[in-house]
Amino acid sequence: MALGDLMASRLSQSTTSVSNHLDDFSSRDDGDFLGQRRVGGSGGGGDSETASSNGGGSGSVSGGVNVAQTTTTMTTTSMAYLPQTIVLCELRHEAFEAYTPTGPPDTGIYSRWRPKDRMKTGCVALVLCLNISVDPPDVIKISPCARMECWIDPFSMAAPKALDSIGKALVNQYERWQPKARYRLQPDPTVDEVRKLCLACRKHAKGERVLFHYNGHGVPKPTANGEIWVFNKSYTQYIPLPISDLDSWLKTPSIYVIDCSAAGMIVNAFIERQDWGSSGSSLKDCILLGACEAHESLPQSAEFPADVFTSCLTTPIKMALRWFCSRSLLRDTINHSLIDRIPGRQNDRKTLLGELNWIFTAVTDTIAWNVLPHDLFQRLFRQDLLVASLFRNFLLAERIMRSANCSPVSYPVLPSTHQHHMWDAWDMAAEICLTQLPSLLDDPNAEFQPSPFFTEQLTAFEVWLDHGSEHKKPPEQLPIVLQVLLSQCHRFRALVLLGRFLDMGPWAVDLALSVGIFPYVLKLLQTSAMELRQILVFIWTKILALDKSCQVDLVKDGGHTYFIRFLDSMDAYPEQRAMAAFVLAVVVDGHRRGQEACISADLIHVCLKHLQLANPHDAQTEPLLLQWLCLCLGKLWEDFPEAQMIGLQADAPAVYAPLLSEPQPEVRASAVFGLSTLLDIGSDSFRDGGGDEDCDDDERVRAELNIVKSLLTVVSDGSPLVRAEVACAFARFAFGHNKHLKSIASAYWKPHSNSLLSSLPSLANINSSGGQPGSNIPSQIGPVLRVGSDSATAGRDGRVPTSSPLATPGIMHGSPLSDDSSQHSDSGILLNDSASNGVMNYSRPRPLDNGMYSQCVLAMCTLAKDPSPRIAGLGRRILSMIGIEQVITKTHRFGGSSVRQGDPSTSSPSPHLGALARSSSWFDMNAGHLPLTFRTPPVSPPRQNFLTTGMRRVCSLEFRPHLLNSPDSGLADPLLGSTIGVSERSLLPQSTIYNGSCGHFSRPLLTAADDNDEILIRREQKEKLALDRIAKCQHSSVSKLNNQIASWDTKFETGTKTALMQPFSPVIIAADESERIRYLLSDGNIRVWKDYSLKGKQKLVTAFSSIQGHRPGVRCLNAVVDWQQQSGYLYASGEISSIMLWDLDKEQLVNSIPSSSETSISAMSASQVHGGQLVAGYVDGTVRLFDIRTPEMLVCTTDPHRPKVERAVAQKVERVVGIGFQPGLDPGKIVSASLAGDIRFLDIRSSTDPYLTIDAHRGSLTALAIHRHAPVIASGSAKQLIKVFSLGGAQLGSIRYYPTFMGQKIGSVSCLTFHPYRFFLAAGAADACVSIYADDSSQAK
């Protein structure tokens, strides 16, 4: 199967598969794998009566609401009870708060594959000391003996002619390996001739390598002192030449080939010189090849040539075949003359000689790569072409000369390779090729049949891919795969197998690069073969995911155009085009030449075209492609003003805007990143006082404001990944538009008199004599002209009236902020003197939209109050950039009497502090109070006049250390000063979506996780256990439920507000109002944790604000939340007029269900067997059933707790405290309990009136729990009483306070919850005690 098809079938699944994350759950025995996972929380403020307003659902603090996938067939019942929904288990949820991805590395260990100093041999000195016809005195030759020198018999012609022929032959043999080098031949030289030769070679080579070849067959052996022999001028004496002199003449880099007996003497002398430190040269730059050890002589057998070492180094194929034929069965049919006539050329792989040379290169490369350390392999086999060829051939010399009891030596020292099993593969390939030799010579028209060597080696590599791994021995065929890329007939298969190998992980990519694959795949980008496009894109994706530095090579060779053409082709799969977009994103990442080259190739319009062609909500649109198109563009115009202008002129923001509502958080975050990089931070016109009057680029400013307007819609996105990008975007905006944002902020924090309270009338409409009605305030900075202080028109409670743009529901709680032109027109800001109620009116047209700047400041404050500590930290950094600094202090409830330490203000609080705190709701909307400080240039000398809420004046040039390490701050970075300079760009928060997304391509894309089987087995075991327990719950009867089996004191100061019993482990989780274990605040902030049972290792998976906007005049949201496992939806409501519907798979608000009531919801429960159904109880006692699958959503409304007419005067309707669906698959049966103490049983299908009523308590019912599967319910009272009932209304037992010494003691009940699969009841009390109760049969178990 072609890799393209393989990728089509596998990659299309990999983007939605969760198999890579299942291993995270396999170690979580205490997670709720099988049942519903309900998210709940305390009611509002300190009101303990609303603690169980989720109908006994209780709040899960565990991370990852999940159910592992299964392949088993389930019945309808089991599918209903054990839903298969998986959410919050993607890689983006792995420790988001601490995640600091780095992206593709461009330096360090991952670039070690790249040759550090690529070099070439520029000059070759050939010194032949043959002295033909005169034998040296220390050599006794046998008869017959080896005589051939460079395959020439020196005695077949006159000595001078033979010497000249041998020299020319040697030059020709070396030129085959390095034709561009300069060759200098010196036969039978003197010392002076050698000196001149060496100096001339070094002068010509300059910094390149010089090769010195010495043939000493006509002189004595080297001396023990490291001297070789040459001649005097009359050839009457042998003159020693110290190796030290030779080294001083040649210098480095150099390579020595010593072909003489006892050549090891010279090698040892070089090493000793380095040990003594007597040489100025570095031995690291010297390479030595010697024919034999110091105690050995060259072989004299006539079977070999006299220069057998040189013949192996320069004519390896001829030498190898001669040696092989003499030892094989072919010796009778193949003689030396036939070998000399092998047809073809060595560089033509379609001929016999070329095939043999190709196979020989692959074999020797493979031996070296598998035997040598990788750094030594890089130096000897990849740095210099001539050196690489010599060392390949040196391996052959070792094999052949070892058979003659002679051991070639080298420096660096190589391990023994003469018995490597790859030589057997060479012998077999050589034999197959040579069997064709006679027929090819006899018939010139005969067709050569290629050897099966490469096909067989690729098959061996494929076998390794099926069974190998990172922890096993690497595949030895990898160098052969590189060689195969040179052949068209094997290329496609080799690329497919190489792609499979690279997919195994970064280690595999590093191995492939170290073997030298890079220049080959770079050159292949020049091919136009259509069948190679997909696999080449895949391979380059893997390479760039490991090493970003390859971007330079791609641009240099014009390879980026290959990927632009592929990205623009519609016939490729979207996943593969996403890979091309990734490659291009890396090419332009921080690389100006890459950015310029891609702009020239029209990459911007290509990406925008495909973003426009993609239907944003089309299921066929590949999210990965959208994501990388956005990221590619973002990187292309990041910090590149010319590219930004092209993007703005192409209306890129309008193309990006629909992507902000995509269902995949990664796509939304990438779209935010793309928009944020369009914001220019290079211009100082808005920061350094130039202002809008001096700005000659208003179109650019308006374009940036339009970008920010789009970003305001995702300020409160459900995914922290998206909000983090929004925070980074606003930081760039704050940097570029610093002056205007400071002006907007100063409108609300600018002090104008000694009384700070009186200086903030627009924020605190204080109905007290502390105000100064009608006071005249001088003009102030920026667009704010006057600030009135007439408190007579202020609201009674001091809140900003709803008519103010700052008090709109969206702005009040960080929802997508209003952009109504009636509120935010192109005008300045004027605060009404007469009204002084926080209403902003507009006058005096200006070229900039100050209303939009106001919304931006509000959005920044929303981010600073984000439930995610990481994002809140980013938000605080942004606020500091515009002059609002947050002083981290211990948070106190407003209206208290404490004052922040260190403030030299009076110890008695202002009587108007509470009103001020409530009115400044654009900063302090909810319970998570963040004290703030505004810094602005003072209009008068600074005064020590502070406000206990945390706002204070400081000089704009002040840069004081921020108070860090506050337990609740969630901020680890120092804040920026108010003076923004160019040098502070590096302090801007950095986006993480690009680097985090790059990791996707480093992971395996073609294979699934290996450990799925174990996970599925564990899941099946838990499913079986759950189904068994469900059956027992459904068919067993409960007699009593009053046996206390466990109890402990949680030491919660405000009592236990919620509890959860884990389904498969004996763990109970309790939480208090102050978020000791937190995941939901009364303000609707959701936090989901994982590894919550591991002390010190708890990780925040996600956090978001589930409620956006609330009714005017509401001080506390009293959030009620429930989770529906079937649909993956989370429902949230409270003091708002709707039910917010969150899809936790998309991490997105998908709907807002009108609550259809004037009053707020006090209890809510989602059906766990019918997806989309939920029931809500209201403060006025009404109950409503919703089904989001229907167009109208509201199914019915009933008022079960309304008293009869005749009792209307005597009884008052109380709010619903607990509500839920009855056990079983019946969708219409509901149980509702009110604070008055009555429990009503409803069957919506037959009647809206209750068919059963239980007067459980008298006016003090605080909690209700309904068992998920058993026909029992429990209710708790503030009067220290718990009652258990059957669904028929019979009381099964009661748990009460006994004052006796041995009697059980319970506090005022605040929450109740049943174990999902057993008869256990957990009860939390206001006195911080948590107890577990069981029936008689369960106690024994």
Do Tyr214 and Leu128 pass the side chain to side chain contact (heavy atoms under 4.5 Å, CB included) test, and can you show the C-alpha distance, the side-chain angles, and the key distance before you say yes or no?
CA-CA 6 Å; Tyr214 173 75; Leu128 303 179; over 6 Å; no
Can you check whether [X] reaches [Y] side chain to side chain, under 4.5 Å on heavy atoms?
| X | Y | value |
| --- | --- | --- |
| Thr190 | Asn232 | no |
| Thr314 | Asn393 | no |
| Cys292 | Pro408 | no |
| Asn357 | Asn347 | no |
| Pro343 | Thr351 | no |
| Arg184 | Arg182 | yes |
| Trp151 | Met319 | yes |
| Cys325 | Leu338 | no |

Using modelled atom types and a 3.5 Å cut-off, is there a donor and acceptor pairing between side-chain atoms of [X] and backbone atoms of [Y]?
| X | Y | value |
| --- | --- | --- |
| Arg402 | Cys406 | no |
| Thr121 | Cys123 | no |
| Gln483 | Ile480 | no |
| Asp138 | Lys221 | yes |
| Tyr174 | Pro179 | no |
| Glu149 | Ala306 | no |
| Ser165 | Ala162 | no |
| Lys196 | Glu193 | no |
| Asp247 | Ile243 | no |
| Thr223 | Glu227 | yes |

Please report the shortest heavy-atom distance between [X] and [Y], naming the atom on each side.
| X | Y | result |
| --- | --- | --- |
| Leu321 | Ala430 | CD2-CB, 4.0 Å |
| Trp177 | Leu313 | NE1-O, 3.8 Å |
| Asn215 | Asp307 | ND2-CB, 4.4 Å |
| Val230 | Pro189 | CB-O, 3.3 Å |
| Phe377 | Arg382 | CZ-NH2, 3.5 Å |
| Pro299 | Ala146 | O-CB, 4.3 Å |

Point-to-point distance, once rounded to the nearest 0.5 Å, from [atom1] of [X] to [atom2] of [Y]:
| X | Y | atom1 | atom2 | value |
| --- | --- | --- | --- | --- |
| Arg195 | Leu197 | CZ | CG | 11.0 Å |
| Leu478 | Ser514 | CG | OG | 7.5 Å |
| Ser326 | Asn335 | OG | CG | 12.5 Å |
| Gln178 | Leu385 | CD | CG | 6.5 Å |
| Thr333 | Leu437 | OG1 | CG | 9.0 Å |
| Met265 | Asn225 | CE | CG | 9.5 Å |

Checking [Y] against [X]: is there a side-chain donor and acceptor pair closer than 3.5 Å?
| X | Y | result |
| --- | --- | --- |
| His213 | Tyr256 | no |
| Ser549 | Asp547 | yes |
| Asp365 | Thr361 | no |

Evaluate the side chain to side chain contact (heavy atoms under 4.5 Å, CB included) criterion for residues Thr364 and Trp426: first the C-alpha distance (whole Å), next the side-chain angles of each, then the deciding distance (0.1 Å), finally the verdict.
CA-CA 9 Å; Thr364 50; Trp426 158 253; over 6 Å; no
_Taking side chain to side chain contact (heavy atoms under 4.5 Å, CB included) as the criterion, tell me which of Ile287, Leu386, Thr252 meets it with Arg209._
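Exactly one option meets the side chain to side chain contact (heavy atoms under 4.5 Å, CB included) with Arg209, and it is Ile287.
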- prompt: Name the one of Ile132, Ile152, Leu163 that satisfies side chain to side chain contact (heavy atoms under 4.5 Å, CB included) with Met157?
  reply: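 Running side chain to side chain contact (heavy atoms under 4.5 Å, CB included) over Ile132, Ile152, Leu163 with Met157 returns exactly one hit, Ile152.
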Original post:
Is the CE atom of Met428 crowded by more than 12 outside heavy atoms at less than 6.0 Å?
Top reply: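 For Met428, atom CE is not crowded (no more than 12 foreign heavy atoms under 6.0 Å).
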(message) Around atom CD1 of Ile142, are there more than 12 heavy atoms from other residues, nucleotides or ligands closer than 6.0 Å?
(response)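 Yes - once you tally the heavy atoms of other residues, nucleotides and ligands closer than 6.0 Å, there are more than 12.
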* To do: Assert yes or no for the condition that the ring centre distance of Trp507 to Phe501 is strictly below 6.0 Å.
  =>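 Yes, they do, as the ring centres are separated by less than 6.0 Å.
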- Message: For the aromatic rings, using the six-membered ring if either is Trp, is the centroid distance between Phe454 and Trp358 under 6.0 Å?
- Response: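 For Phe454 and Trp358, the ring centres are under 6.0 Å apart.
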Report task. Check step by step if side chain to side chain contact (heavy atoms under 4.5 Å, CB included) holds for Trp423 and Arg399. Result -> CA-CA 9 Å; Trp423 287 120; Arg399 186 190 190 205; 3.6 Å; yes
As a quick check of understanding, evaluate salt bridge (Lys or Arg N to Asp or Glu O under 4.0 Å) for Lys161 and Asp164, giving each step before the final call.
CA-CA 5 Å; Lys161 184 177 180 180; Asp164 184 62; over 6 Å; no
Between Glu303 and Arg327, is a salt bridge (Lys or Arg N to Asp or Glu O under 4.0 Å) present by the stated rule, with each step listed?
-> CA-CA 11 Å; Glu303 174 189 3; Arg327 284 161 171 75; 2.6 Å; yes
* To do: Take Lys141 and Asp135, measure what salt bridge (Lys or Arg N to Asp or Glu O under 4.0 Å) needs, and give me the verdict at the end.
  => CA-CA 8 Å; Lys141 293 188 176 180; Asp135 293 335; 3.3 Å; yes
In terms of relative ring orientation, are Phe309 and Phe394 parallel, tilted or perpendicular, with 30° and 60° separating the classes?
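Ring orientation of Phe309 relative to Phe394: perpendicular.
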ask   = Under the side-chain hydrogen bond (donor to acceptor under 3.5 Å, both in side chains) criterion, do Ser439 and Asp443 qualify, and how do the steps go?
value = CA-CA 6 Å; Ser439 61; Asp443 182 8; over 6 Å; no
**Prompt:** Between Asp285 and Arg379, does at least one N-O distance fall below 4.0 Å, as a salt bridge requires?
**Reply:**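 No, Asp285 and Arg379 are not salt-bridged.
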side-chain hydrogen bond (donor to acceptor under 3.5 Å, both in side chains), that's the test. Do Glu398 and Ser407 meet it? Break it down for me. CA-CA 6 Å; Glu398 184 190 16; Ser407 303; over 6 Å; no
Begin with the C-alpha distance, continue with both residues' side-chain angles, and end with the deciding distance and a verdict on side chain to side chain contact (heavy atoms under 4.5 Å, CB included) for Ser416 and His418.
CA-CA 6 Å; Ser416 176; His418 67 287; 2.8 Å; yes
Taking only residues two or more places apart in sequence, or in another chain, which ones meet Glu476 in a side-chain hydrogen bond (donor to acceptor under 3.5 Å, both in side chains)?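 Only His421 meet the side-chain hydrogen bond (donor to acceptor under 3.5 Å, both in side chains) criterion with Glu476.
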